[in-house]
**Student:** 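Provided herewith is a single structure, encoded as structure tokens, for subsequent inquiry.
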Amino acid sequence: MDKNAMKKMAAERSVDFVEDNMILGLGTGSTVVYMVEALAKRVQAEHLNLTCVCTSIRTEEQAKSLGIPVKALNDVDHIDLTIDGADEVDANFQGIKGGGAAHLFEKLVATTSTRNIWIVDQAKVVDTIGRFPLPVEVIPFGSQQVFNKMTKEGLNPEFRMTEDGQLVLTDSKNYVIDLHLNQVQHPHLLASWLSEQVGVIEHGLFLDIVDQVVVGAPEGVKILTAN
């Protein structure tokens, strides 16, 4: 079974957790695309009354095109459930997100949510996070100085570039520095250090956030529940 089939399995299973009259957070990424499609089918078939908050412009455009009602995060007083993807998640339910450069908006929505579900294919479940590069969103002004400090700390930073050699811009018009760490042995310590750096807007360590992980695997869908 290929990766996309496993992503789709997890995405379609995750919308079973959606209930009528929810305020729902919609994540960003290739797996979320399948989830939004499945959600739209449920909305149409069951006439669900949902309000959705999106974590990126591209998710918002997809949701609106499929007839899913969307509001801004500032216009809701809470979020019942957010369904999002993840780039890695370990046995302690700590994760890395931001492969789609949307981790600032994703974290804002996730930390507003009562519950969080991540949808992943089996390859995203790892023993130790860090093989996937850790994204850090930084403001353009002085970003080279932030980069230099990360280099001195041995974090192996690299500005994320587009295919045509331009610096990637987030929806907030910031840059992304990817940290090539291989393993993150002390994620909470690293998260604290990154958050203290002037010029860093947000990092892609999502710690103590997720409640359940829906995993697409060759043998079927597995649902992992955090303690």
Side-chain angles (χ1 to χ4, degrees), residues 4 7-8 10-87 95-121 124 135-140 160 162-163 166-176 201-204 206 209-214:
N4 286 331
K7 288 180 178 182
K8 189 173 183 181
E12 291 178 346
R13 177 67 177 86
S14 71
V15 300
D16 292 344
F17 292 92
V18 176
E19 300 174 6
D20 197 23
N21 298 313
M22 270 187 166
I23 300 177
L24 187 66
L26 304 180
T28 295
S30 57
T31 312
V32 170
V33 170
Y34 293 124
M35 182 271 290
V36 175
E37 290 174 352
L39 180 66
K41 290 176 182 176
R42 274 202 67 192
V43 169
Q44 284 187 337
E46 302 173 35
H47 306 290
L48 295 180
N49 178 37
L50 300 177
T51 298
C52 292
V53 175
C54 298
T55 58
S56 65
I57 293 170
R58 54 192 181 275
T59 298
E60 180 175 346
E61 289 175 346
Q62 182 193 11
K64 286 181 174 178
S65 73
L66 295 173
I68 297 173
V70 172
K71 280 190 176 182
L73 180 56
N74 285 340
D75 295 334
V76 299
D77 60 4
H78 74 285
I79 297 174
D80 296 300
L81 170 66
T82 290
I83 304 176
D84 202 350
D87 297 301
I96 288 179
K97 290 170 47 56
H103 51 287
L104 171 59
F105 288 8
E106 288 172 340
K107 194 173 284 187
L108 277 166
V109 171
T111 54
T112 306
S113 300
T114 303
R115 292 175 58 223
N116 282 276
I117 291 174
W118 291 346
I119 47 177
V120 298
D121 62 88
K124 305 290 178 61
V136 182
E137 184 165 342
V138 298
I139 63 169
R160 190 179 298 183
T162 64
E163 289 183 0
Q166 302 297 310
L167 286 160
V168 165
L169 287 177
T170 68
D171 283 353
S172 298
K173 308 303 179 188
N174 294 316
Y175 297 158
V176 175
I201 303 299
E202 192 52 78
H203 55 77
F206 279 60
I209 286 176
V210 72
D211 298 286
Q212 289 177 304
V213 182
V214 181

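Owing to the predicted nature of the structure, the values given are computational and were not obtained by experimental measurement.
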**Student:** If I compare all heavy atoms of Ile139 with all of Ile201, which pair ends up nearest, and what's the gap?
**Tutor:** CG2-CD1, 3.2 Å
**Student:** Indicate the atoms forming the closest heavy-atom contact of Ser56 with Asp171, along with that distance.
**Tutor:** CA-OD2, 3.4 Å
**Student:** Taking the side chain as every heavy atom from C-beta outward, state whether Leu169 and Tyr175 have any pair of such atoms under 4.5 Å apart.
**Tutor:** yes
**Student:** Working to the nearest 0.5 Å, report the span between CG of Leu167 and CG of Asn174.
**Tutor:** 12.0 Å
**Student:** Identify the two heavy atoms, one from Ser172 and one from Phe105, that lie closest to each other, and give their separation to 0.1 Å.
**Tutor:** OG-CE1, 3.2 Å
**Student:** List the atom of Val120, the atom of Ala86, and the distance in Å for their closest heavy-atom pair.
**Tutor:** CG1-O, 3.7 Å
**Student:** Looking at NE2 of His78 and CE of Met22, how far apart are the two atoms once the value is rounded to the nearest 0.5 Å?
**Tutor:** 9.0 Å
**Student:** Identify whether NZ of Lys or CZ of Arg in Lys97 sits under 6.0 Å from the centre of the six-membered ring of Phe206 and within 45° of that ring's axis.
**Tutor:** yes
**Student:** Quick one: does Thr55's side chain have a donor or acceptor within less than 3.5 Å of a partner on Glu106's backbone?
**Tutor:** no
**Student:** Given 3.5 Å as the limit, does a donor-acceptor pair link the side chain of Thr51 with the main chain of Ile23, or not?
**Tutor:** no
**Student:** Could you give the distance from CZ (Phe17) to CD (Gln212), rounded to the nearest 0.5 Å?
**Tutor:** 4.5 Å
**Student:** If every non-hydrogen atom of Leu108 is compared with every non-hydrogen atom of Thr112, which pair is closest and at what distance?
**Tutor:** O-OG1, 2.7 Å
**Student:** Starting at CD1 of Ile83, measure out to OG1 of Thr31 and round the result to the nearest 0.5 Å.
**Tutor:** 12.0 Å
**Student:** Any side-chain heavy atom of Ser14 within less than 4.5 Å of one from Leu39?
**Tutor:** no
**Student:** Below 4.5 Å, heavy atoms only, C-beta onward: do Thr170 and Val176 meet side chain to side chain?
**Tutor:** yes
**Student:** So, applying side chain to side chain donor-acceptor pair (under 3.5 Å) with Ser113, which one of Asp84, Asp211, Thr82 is it?
**Tutor:** Thr82
**Student:** Which is it for Leu73 and Ile79 under the side chain to side chain contact (heavy atoms under 4.5 Å, CB included) test, yes or no, and what are the steps along the way?
**Tutor:** CA-CA 9 Å; Leu73 180 56; Ile79 297 174; 3.8 Å; yes
**Student:** So, taking the atom named CD in Glu19 and the one named CG in Leu24, what distance separates them when rounded to the nearest 0.5 Å?
**Tutor:** 10.5 Å
**Student:** Could you tell me which non-hydrogen atom of Gly27 sits nearest to which non-hydrogen atom of Met35, and how far apart they are?
**Tutor:** N-CE, 4.5 Å
**Student:** For Lys107, does the NZ atom have more than 12 heavy-atom neighbours from other residues, nucleotides or ligands under 6.0 Å away?
**Tutor:** yes
**Student:** Taking the side chain from Arg160 and the backbone from Gly99, do they hold a donor-acceptor pair closer than 3.5 Å?
**Tutor:** yes
**Student:** Enter the distance from Glu37:CD to Ile68:CD1 here, rounded to the nearest 0.5 Å.
**Tutor:** 10.0 Å
**Student:** Kindly write out the residues that satisfy side chain to side chain contact (heavy atoms under 4.5 Å, CB included) with Asn21, not counting sequence neighbours, or none if the list is empty.
**Tutor:** Asn49
**Student:** I would like to know whether Glu60 and Lys64 meet salt bridge (charged side-chain N to carboxylate O under 4.0 Å, His left out); could you show each step before the answer?
**Tutor:** CA-CA 6 Å; Glu60 180 175 346; Lys64 286 181 174 178; 2.8 Å; yes
**Student:** Test your reading of the model: is there a side-chain donor-acceptor pair from Gln62 to the backbone of Val33, 3.5 Å cut-off?
**Tutor:** yes
**Student:** Hey, does Leu81 have a side-chain heavy atom less than 4.5 Å from the side chain of Ile117?
**Tutor:** yes
**Student:** Got a donor-acceptor contact below 3.5 angstrom from the Arg42 side chain to the Val15 backbone?
**Tutor:** yes
